[in-house]
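Below, chains carry the letters A, B, ... as their sequence lines are ordered, and counting in each starts from 1.
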Number of protein chains: 2
Amino acid sequence: MTDNPSGPPAVTIAFIAESAGVSIPTVSKVLNGRSGVSVETRARVEGLINKYGYRRPSGSRGSTVEIVFREMEGTWAVDIIRGVERVARQNRIGVLVSQLGPDSSPATSIDETIGRRPGFVLFVSEISAPEQAKLKAKDIPFVVINPAGELPDDVPFVGTTNWRGGHSATRHLLDLGHRRIAMINGPDYPFCQARMAGYFSAMAEADVAADSSLVVRTFLTREHGYAAALELLSRPDRPTAIFASNDMQAFGVYRAARELGLSIPGELSVVGFDDIVVSDWADPPLTTVHQPLFEMASAATDLAFTLGRGEPVRQVGLEIATVLTIRKSTAPPRS
Amino acid sequence: MTDNPSGPPAVTIAFIAESAGVSIPTVSKVLNGRSGVSVETRARVEGLINKYGYRRPSGSRGSTVEIVFREMEGTWAVDIIRGVERVARQNRIGVLVSQLGPDSSPATSIDETIGRRPGFVLFVSEISAPEQAKLKAKDIPFVVINPAGELPDDVPFVGTTNWRGGHSATRHLLDLGHRRIAMINGPDYPFCQARMAGYFSAMAEADVAADSSLVVRTFLTREHGYAAALELLSRPDRPTAIFASNDMQAFGVYRAARELGLSIPGELSVVGFDDIVVSDWADPPLTTVHQPLFEMASAATDLAFTLGRGEPVRQVGLEIATVLTIRKSTAPPRS
DNA sequence: CTGAAAGCGCTTACAG
DNA sequence: CTGAAAGCGCTTACAG
């Protein structure tokens, strides 16, 4: 196992202990964040651990971070994995991926994850109360990436600025001269409500009277976006622009516009939200609010590592800024 | 660690050893595939290991499978991860993901992977000779998923029936009545050559004289597909159908057709290869050769596990069948 | 082919 | 707060 017949000494906790002039159990306590070590001793040991780049024997707790997906979806899961992988690699931590979603066998649960003894766990979108409790009991730091639901105040998360995104999308359409701007809202998740609130705020700021019949609520799929747009665009006083809650809905709008013979952006401007890989390949390329999944995932990983080190953290939750990506699906309305 | 104050005994190698009436070192040898154990003893110990569901302490060699990507791409990486995850979960094996590609730091190499002590390694598309050598030296079973290059005869792989796919795509166009069928070929990889050979075979079988000016070779991107299609479609004797080497190229063909005012499938039929997530959302939905990445990944994982158990394996390489997915981008040619 | 013995790195009570 | 001691599960020579 120790592959040095006489080369540099293997960096074991025994080696660190000797370097620091302390006993092996003391180093063990520091590594596991246990109490019963003076601040000075702890600091000295941590210094040596960093200096010699101590790594736990792979697989023991602390050497991996596990990403728990509810559902792994092609259009965005990879950005998250890549963001985590980037930061994990720098810290010489392995990245585990698991799926604890609808199509997992009933036997599968967070216990499997805990059994793998990851140093950190990252949840994508959802985390249940029992999961939070179990991870806390085992003292495994966890962070929620892009939370879909409400979270207790002490659960660390990394989200995105949904309100701001909805606001800037709407603002962009207003600046272009649009007044009849429809919004296709999503289900009752906080992130959908925030996007919609951004829309309403921008409309109010521009003194455009809100027309609630222009806001429809539906699911976040292409089919539902299509149905909603069909209805919206069949009205005599149809909107000149539609802001969709996500890109999939926006592609549904594309399809409805095409069927109705409405050109984009000539007769209808469309803005999406997410900026999934394919948004740039659409015809015309979709103007959308970029959700920085890669950066969110990197930040969440960093946060988990910081938490794991027991370092104080400025805030337990943070939101990474969206950025409006203007492409070809928006233009001034025909007057 | 052993969480049974008096419950069922923890399934350790000591427990297995006692059940089997052998010593601990013997069980250790069986687990690690070492020699020096009689066939009968080995069989008995393996039986008990399965019966009691022995799991190595997580993280020690054997409890994880690592997927090594050269480049993690949104349109297909997730299918591979999901395929591996499915099989791994059934075997209570963790899934590690890493990227050893162009944007990895120079320090990163297969040594990092080996340091994690995975039980198995799955390479996506590419594997280098040093990687093969190092893994062999460490006795870690590995399989290449969807190999892009040539592989030594003894390297296990799971690919797809590229020749067959190219053949069925072309055959479909011929059956529809097309005769001037162009092919946009890819770089000099075996899988591209196989797709093209399938095209030529189908053409020859149908007694259609090959027109080599109808075959252009370029890269596998949307932009290159666009450029190739533009050239092909600007000719006076333009083809009535185009078979592209992958879906990205096919989307480039869509764009070129749109610019040239050619309707699909009315004036031009298009067939792609891969069946990436978005092919079904295109306008019109793309007829393409489905590459069963999920199944390929599952099969590769199974193969790696079988190899790890030291069980004889029918063949060291296999190809999972493609299936032609007919959607809306193909129709009989206008006569 | 087999296993007693020594040893690995690490963790856990627990005595000071 | 600290560490000697016992112990964990596992592996590695090596003697029979």
Side-chain angles (χ1 to χ4, degrees), chain A residues 1-46 48-49 52-64 114-117 119 138-140 310, chain B residues 1-46 48-49 52-64 115-119 138-140 310:
Chain A
M1 222 66 343
T2 6
D3 39 56
N4 56 328
S6 69
V11 183
T12 62
I13 72 171
F15 174 77
I16 297 290
E18 200 188 328
S19 312
V22 298
S23 73
I24 289 173
T26 300
V27 178
S28 175
K29 284 171 205 165
V30 170
L31 279 168
N32 295 295
R34 300 245 186 287
S35 57
V37 184
S38 68
V39 244
E40 303 85 55
T41 305
R42 189 178 292 272
R44 187 152 37 94
V45 171
E46 277 172 347
L48 270 331
I49 285 170
Y52 291 112
Y54 170 78
R55 285 226 300 156
R56 340 178 69 110
S58 36
S60 67
R61 175 166 168 183
S63 70
T64 56
I114 290 172
R116 274 175 219 118
R117 312 186 134 263
K138 291 282 177 184
D139 211 29
I140 301 176
Chain B
M1 220 68 337
T2 5
D3 38 55
N4 57 326
S6 70
V11 183
T12 61
I13 71 171
F15 174 78
I16 297 291
E18 201 188 326
S19 312
V22 298
S23 72
I24 290 174
T26 300
V27 178
S28 175
K29 282 172 205 164
V30 171
L31 280 168
N32 295 295
R34 301 245 187 286
S35 57
V37 184
S38 67
V39 245
E40 302 86 53
T41 305
R42 188 177 292 272
R44 187 152 37 95
V45 170
E46 276 171 349
L48 271 330
I49 285 171
Y52 291 111
Y54 171 78
R55 285 228 296 158
R56 339 178 68 110
S58 38
S60 68
R61 173 165 169 185
S63 70
T64 56
R116 276 177 217 115
R117 311 185 133 263
K138 292 281 177 185
D139 211 28
I140 301 175

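- Contact between the side-chain N/O atoms of B:Thr41 and the OP1/OP2 oxygens of C:dC1 is not found at any separation under 4.0 Å.
- Smallest separation of non-hydrogen atoms from B:Tyr54 and B:Val11: CD1-O, 3.2 Å.
- C:dA4: no Watson-Crick or G-U partner with both key distances under 3.5 Å is found in any strand.
- When the P atom is used for both C:dT2 and C:dA6, the distance is 23 Å, rounded to whole Å.
- Between the P atom of C:dT11 and the NZ atom of A:Lys29 lies a distance of 12 Å, rounded to the nearest Å.
- Nucleic acid contact for A:Val22: sugar-phosphate only, since backbone atoms but no base atoms lie under 4.0 Å from a heavy atom of the residue.
- Taking atom CG on A:Asp139 and atom C1' on C:dT12, their separation rounds to 16 Å, with Å as the unit.
- For the C1' atom pair drawn from D:dG3 and D:dG7, the interatomic distance equals 16 Å after rounding to whole Å.
- The interatomic distance linking B:Phe15 (CZ) with D:dG9 (P) rounds to 12 Å, in whole Å.
- Here the side chain of B:Ile13 is nearest to one of D:dC10, D:dG3, C:dT2, namely D:dC10.
- For D:dC10, neither phosphate oxygen OP1 nor OP2 lies less than 4.0 angstrom from any side-chain nitrogen or oxygen of B:Ser28.
- In this structure, the CD atom of B:Glu18 is 13 Å from the P atom of C:dA4, given to the nearest Å.
- Neither OP1 nor OP2 of C:dC8 sits under 4.0 Å from any side-chain N or O of A:Thr12.
- For B:Thr26, the side-chain atoms get nearest to C:dT2 when compared with the rest of D:dG3, D:dT12, C:dT2.
- Across every non-hydrogen atom of A:Gly119 and A:Ile140, the tightest pair is O-CG2, 3.8 Å.
- Taking atom CZ on A:Arg34 and atom C1' on C:dT11, their separation rounds to 8 Å, with Å as the unit.
- One interatomic measurement links the two molecules: CD1 of A:Ile16 to P of C:dG9, which rounds to 13 Å at whole-angstrom precision.
- The distance from atom CZ of A:Arg117 to atom NZ of A:Lys138, rounded to the nearest 0.5 Å, is 7.0 Å.
- Nearest heavy atoms, B:Thr64 versus B:Pro118: OG1-CA, 3.3 Å.
- Residue B:Glu46 places its CD atom among more than 12 non-hydrogen atoms of other residues, nucleotides or ligands, all under 6.0 Å distant.
- The distance between atom CG of A:Leu31 and atom P of C:dT11, rounded to the nearest whole Å, is 7 Å.
- Nucleotide C:dA13 is matched to nothing when pairs are restricted to Watson-Crick or G-U wobble geometry with both distances under 3.5 angstrom.
- Of the candidates D:dT2, C:dT11, C:dG3, the closest approach to any side-chain atom of A:Ile24 belongs to C:dT11.
- At the phosphate of D:dG3, OP1 or OP2 sits under 4.0 Å from a side-chain N or O atom of A:Ser23.
- Among the nucleotides D:dA5, C:dG3, C:dC10, the one closest to the side chain of A:Tyr54 is C:dC10.
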